[in-house]
Amino acid sequence: MATNWGSLLQDEQQLEELARQAVDRALAEGVLLRTSQEPTSSDVVSYAPFTLFPSLVPSALLEQAYAVQMDFNMLVDAVSQNAAFLEQTLASTIKRDDFTARLFDIHKQVLKEGIAQTVFLGLNRSDYMFQCSADGSPVLKQIEINTISASFGGLASRTPAVHRHVLSVLSKTKEAAKILSNNPSKGLALGIAKAWELYGSANALVLLIAQEKERNIFDQRAIENELLARNIHVIRRRFEAISEKGSLDQDRRLFVDGQEVAVVYFRDGYMPCQYSLQNWEARLLLERSCAVKCPDIATQLAGTKKVQQELSRAGMLEMLLPGQPEAVARLRATFAGLYSLDMGEEGDQAIAEALAAPSRFVLKPQREGGGNNLYGEEMVQALKQLKDSEERASYILMEKIEPEPFENCLLRPGSPVQVVQCISELGIFGVYVRQGKTLVMNKHVGHLLRTKAIEHADGGVAAGVAVLDNPYPV
Ligand code: ADP
Ligand code: MG
């Protein structure tokens, strides 16, 4: 990218002083995580890792990512309503991937019984990297879309003040003013509030499905706080508590501890290890209810990597978004190369190409949460092993995005201040609400920039690899 913070990154002493100031400001602003030693308590907390400087992002790509977000919202919503598409797309995957199969089972059960839910709420985050094209210019390419537990909207609201502070200390007032304001948690909360209102029961609550060990509690609280400011009460419960204390009445209204639930907001339930048998039962109970699930099971399935790959096939976007050629073009422009590994010629060819040029591909299983993808030699070994087995259909192959690295300082509790080569990933938060067939809200509500050292192929902030950042538009 055009320029960077140049000489500022050379002066070690100044960097250390700036880092001290930045960390204190981050703590004061509430850019917080619980510690890995005490993930269940807020007695001792620390700052969420972040970059010392905002990272340069071309304004045009930022605008493009914002402009396509409503299209992605519509697309996810369309996929979630298209049972035939989901069934066909996931058929080979669910034969070999137990987690997706279980989600799909619940989806089928709910369809069979009839969907009680009439209001639908999507809170998603579409993630991108800036592919360095042949002529050197960066191009926006989607990494994935998160349709469940898309996080860091709360902390991302608080980091602009930290980077403005750093630039102000350096008397870079003009630069400080260029840091965009950002408030995803407010927008996410407005979506929940709209769904709550349409559910139409003044005393009903929002139920946040929480993990036992939640280091990222302050990110979630930001949304809870926004809701409480609108007199909407949130209760936090684990799946276990739902199976013990949750029930449906004859109209399939959901009650927990005797209180009616209008909206269920999942910040758990996206990884296999988060489900015991009891938790699967709780998930089914929630899905059968008429409460607004965020996401409902079909929307969670719409966020699988297999769906992402099938959406890139010729004609798929046109089929799902008929009569919307402009939206289709905007969406398709962000797609990287995505390849099915289903048994057959097409999959064989994809595997052969990846084995011939491993550095150009990423192998992805149907997992969320970071650290699951395979690259390089690991990918080669896995592909060789999977090649002749139907198990390969539980993976997809993706073109590896290669952004141009730049220098920044990553600040983490307990780590020395160091300038490293980095790459960034931009996420845009989207919110939509549908009542029956009518889309009553469709917006983008802010962004998240995460930056990591280039030696880490995979992993987000929660996985301890990436750190929070802000785009510095250029
Ligand atoms: P998850 O659901 O685990 O977050 P992602 O698809 O977002 O899965 O991949 C995790 C991380 O791996 C991303 O944040 C990104 O850093 C890296 N990654 C994923 N896909 C690609 C790709 N096609 N090219 C380069 N890096 C990728
Ligand atoms: Mg991701």
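Counting starts at 1 for both ligands and their atoms, in listed order.
The pair Arg102-Asp97 does not meet the salt-bridge criterion, since no charged nitrogen lies less than 4.0 angstrom from a carboxylate oxygen. A salt bridge is absent between Glu391 and Arg96: the closest approach of a Lys/Arg side-chain nitrogen to an acidic carboxylate oxygen does not fall below 4.0 angstrom. Of the charged side-chain nitrogens involved, at least one lies within less than 4.0 Å of a carboxylate oxygen, so that Asp77 and Arg434 count as a salt-bridged pair. By the 4.0 Å N-to-carboxylate-O rule, Arg25 lies close enough to Glu29 to be salt-bridged with it.
Taking the six-membered ring where the residue is Trp, Phe50 and Tyr47 present perpendicular rings, their angle passing 60° and hence far from 30°. Classified by interplanar angle (parallel below 30°, tilted 30° to 60°, perpendicular above 60°), the ring pair Trp280/Phe99 is tilted.
Taking atom 10 (C) of ligand 1 as the reference point, the nearest protein heavy-atom neighbour is Asp458 OD1, 3.2 Å. Considering only non-hydrogen protein atoms, atom 14 (O) of ligand 1 sits nearest to Glu425 OE1, 2.5 Å. For atom 21 (C) of ligand 1, the nearest non-hydrogen atom of the protein is Ile143 CD1, 3.6 Å. Here the protein heavy atom with the shortest distance to atom 23 (N) of ligand 1 is Glu399 O, 2.8 Å.
Of the possible polar contacts, one joining the Asn225 side chain to the Arg221 backbone as a donor-acceptor pair under 3.5 Å is found. The backbone N or O of Thr93 lies less than 3.5 Å from no partner atom in the side chain of Gln366, so there is not a single donor-acceptor pair.
Relative to the six-membered ring of Phe266, Arg283 meets both conditions, a distance below 6.0 Å and an angle of at most 45° to the axis.
With a heavy-atom cut-off of 4.0 Å, Ile401 touches ligand 1 through backbone and side chain alike. Counting heavy atoms closer than 4.0 Å to ligand 1, residue Tyr270 contributes nothing at all. Contacts between Glu144 and ligand 1, counted as non-hydrogen atom pairs separated by less than 4.0 Å, involve the side chain only. When heavy-atom distances to ligand 1 are checked against a 4.0 Å cut-off, Lys305 comes that close only through its side chain, counted from C-beta outward.
Geometrically, ligand 1 and Asn146 share no nitrogen or oxygen pair separated by less than 3.5 Å. Backbone and side-chain nitrogen or oxygen atoms of Gly370 are examined, and one is located within less than 3.5 angstrom of a nitrogen or oxygen of ligand 1. Of the polar atoms of Met129, none of the N or O atoms is found under 3.5 Å from an N or O of ligand 1, judged by distance alone.
When the heavy atoms of Arg450, Met398, Lys364 are ranked by distance to atom 20 (N) of ligand 1, first place goes to Lys364.
Within the listing of ligand 1, atoms 2 (O) sit less than 4.0 angstrom from a heavy atom of Arg367. The contact set between ligand 1 and Gly369, taken as ligand atoms under 4.0 Å from a residue heavy atom, comprises 1 (P), 2 (O), 3 (O). Per-residue contacts place Tyr375 under 4.0 angstrom from the following atoms of ligand 1 (heavy atoms of the residue considered): 12 (O), 17 (C), 18 (N), 19 (C), 27 (C). Atoms of ligand 1 lying under 4.0 Å from at least one heavy atom of Lys452, given by number and element, are 15 (C), 16 (O).
Heavy-atom separations between Ala336 and ligand 1 are all 4.0 Å or longer. For Asn373, the closest heavy-atom approach to ligand 1 falls below 4.0 Å.
When distances to the Mg ion (ligand 2) are checked against a cut-off of 2.8 Å, Asp127 contributes no N, O or S atom below that limit.
With ring centers used as reference points, Tyr275 lies under 6.0 Å from Phe239.
Sorting the N, O or S atoms of Glu144 by how far they are from the Mg ion (ligand 2) puts OE2 first.
Using modelled atom types and a 3.5 Å distance limit, the side chains of Gln324 and Glu318 yield no donor-acceptor pair.
With Glu144 as the fixed residue, the salt bridge (Lys or Arg N to Asp or Glu O under 4.0 Å) test singles out one of Lys364, Arg367, Lys305: Lys305.
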